> 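Dropping a structure here in structure tokens format, bear with me for questions.
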Amino acid sequence: MTDPALSPDPTFHRTAGIALWRQIADFLRSELRAGTWPAGTVLPTEATFAHRFGVNRHTVRRAVAELVAEGLVRSDQGRGTFALGQRLAYPIGRRTRFSEIVGRQARAPGGRLIASGLELAGGWQAEALGVVPDTPLLCLETLGVADDVPVSLARSWFVAERFPRIVETYTETGSITAALSRLGVDDYVRRWTRIRGRIAEPAECHRLELATGATVLIAEALNDDAGGTPLHVSSTRFAADRIEIVVNAEP
């Protein structure tokens, strides 16, 4: 079977009254959505696409930039252009569980511990957790992946006296929910979530494999145990080009 990027495409028209770069973007967008380039695939080079469509590389570059802006591909200098596939729908509701959300969308979830340590509760963590400032907290920094593609970078804080083994338990399970279950917390619910966006910092770009200048969505959240006692507070940075946050209305 011939690679569709290796020969000029007969459906490409120069007289359609639409800019060439836009026609190319439309065509590649349809291929991406049809699965011609699965998520994580490296797209052919600008030179290859330029040959396919009979245009110069600048025109191809403008088309690819449009797809980057739409979150369908990402362009990494020196590495190439990668297909991102469909955004992961991430619902925020009373029970928000990363592994379940990813698994329901036929993707393989995973959690990796990047760092951990003892911190003293600052103003907002102390208020959220209902403790006095400078209470010792255990902080976990974790990377969430879907099909081995990084989608989130989170920091979660737990009162150290209540959960002295949370770091080692998370390391064994790769899941906050599974770790809490082992520690006697079978269920918990979301009390509140605050969401905002900003440009990703260099360290976040590195961990999430984002291009410089990419956007992250920040979701700060508080979860309670079944008795209504604050359980843990978190700040999660989502790769905006891979996630769409869906806020569920509760009855």
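Just so you know, residue 1 is the first one in the sequence shown, and it goes up from there. None of these values were measured; they are calculated from a predicted model.
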> Checking side chain to side chain contact (heavy atoms under 4.5 Å, CB included) between Pro91 and each of Ile245, Ile101, Val247, which is the one that passes?
Ile101

> Under the rule for salt bridge (Lys or Arg N to Asp or Glu O under 4.0 Å), what residues qualify as partners of Glu161, not counting sequence neighbours?
none

> Name all pairs fulfilling the salt bridge (charged side-chain N to carboxylate O under 4.0 Å, His left out) condition that reach into residues 34-44, sequence neighbours left out, sorted by first residue then second.
none

> Can you name the side chain to side chain donor-acceptor pair (under 3.5 Å) partners of Glu172, sequence neighbours left out?
Arg182

> State which residues pass salt bridge (Lys or Arg N to Asp or Glu O under 4.0 Å) with Arg207; sequence neighbours excluded, sorted by chain then number.
none

> Could you tell me which residues satisfy salt bridge (Lys or Arg N to Asp or Glu O under 4.0 Å) with Asp148, sequence neighbours excluded, listed by chain and number?
Arg112

> Going by the rule side chain to side chain donor-acceptor pair (under 3.5 Å), which residues pair with Thr193 if we only count those two or more places apart in sequence or in a different chain?
Arg190

> Salt bridge (Lys or Arg N to Asp or Glu O under 4.0 Å) with Glu66: which residues, sequence neighbours excluded?
Arg62

> Do Glu220 and Arg196 meet the salt-bridge criterion of a basic N to acidic O distance under 4.0 Å?
yes

> Tell me which pairs pass ring-ring contact (aromatic ring centres under 6.0 Å, His included) where either residue lies in residues 55-75, with sequence neighbours left out.
none

> Who pairs with Arg57 by side chain to side chain donor-acceptor pair (under 3.5 Å), at least two apart in sequence or on another chain?
none

> Which pair of non-hydrogen atoms, one from Arg165 and one from Thr169, has the smallest distance, and what is that distance?
O-OG1, 2.7 Å

> Given side-chain contact (heavy atoms from CB on, under 4.5 Å), test Leu32 with Phe27 step by step and report yes or no.
CA-CA 9 Å; Leu32 285 161; Phe27 197 93; over 6 Å; no

> Tell me the ring-ring contact (aromatic ring centres under 6.0 Å, His included) pairs involving residues 120-139, sequence neighbours left out?
Trp124-Trp157

> Quick one: list whatever passes side chain to side chain donor-acceptor pair (under 3.5 Å) with Thr215, sequence neighbours left out.
none

> Through direct or indirect side-chain contacts below 4.5 angstrom among Ile, Leu, Val, Met, Phe, Trp and Tyr, which residues connect to Leu180?
Leu113, Leu118, Leu138, Leu140, Phe158, Phe163, Ile166, Val167, Tyr170, Ile176, Leu183, Val185, Tyr188, Leu231

> Quick test of your reading of the model: are Glu46 and Arg52 salt-bridged, counting only N-O distances below 4.0 Å?
no

> Verify the neighbour count for atom CD of Glu168: are there more than 12 heavy atoms of other residues, nucleotides or ligands below 6.0 Å?
yes

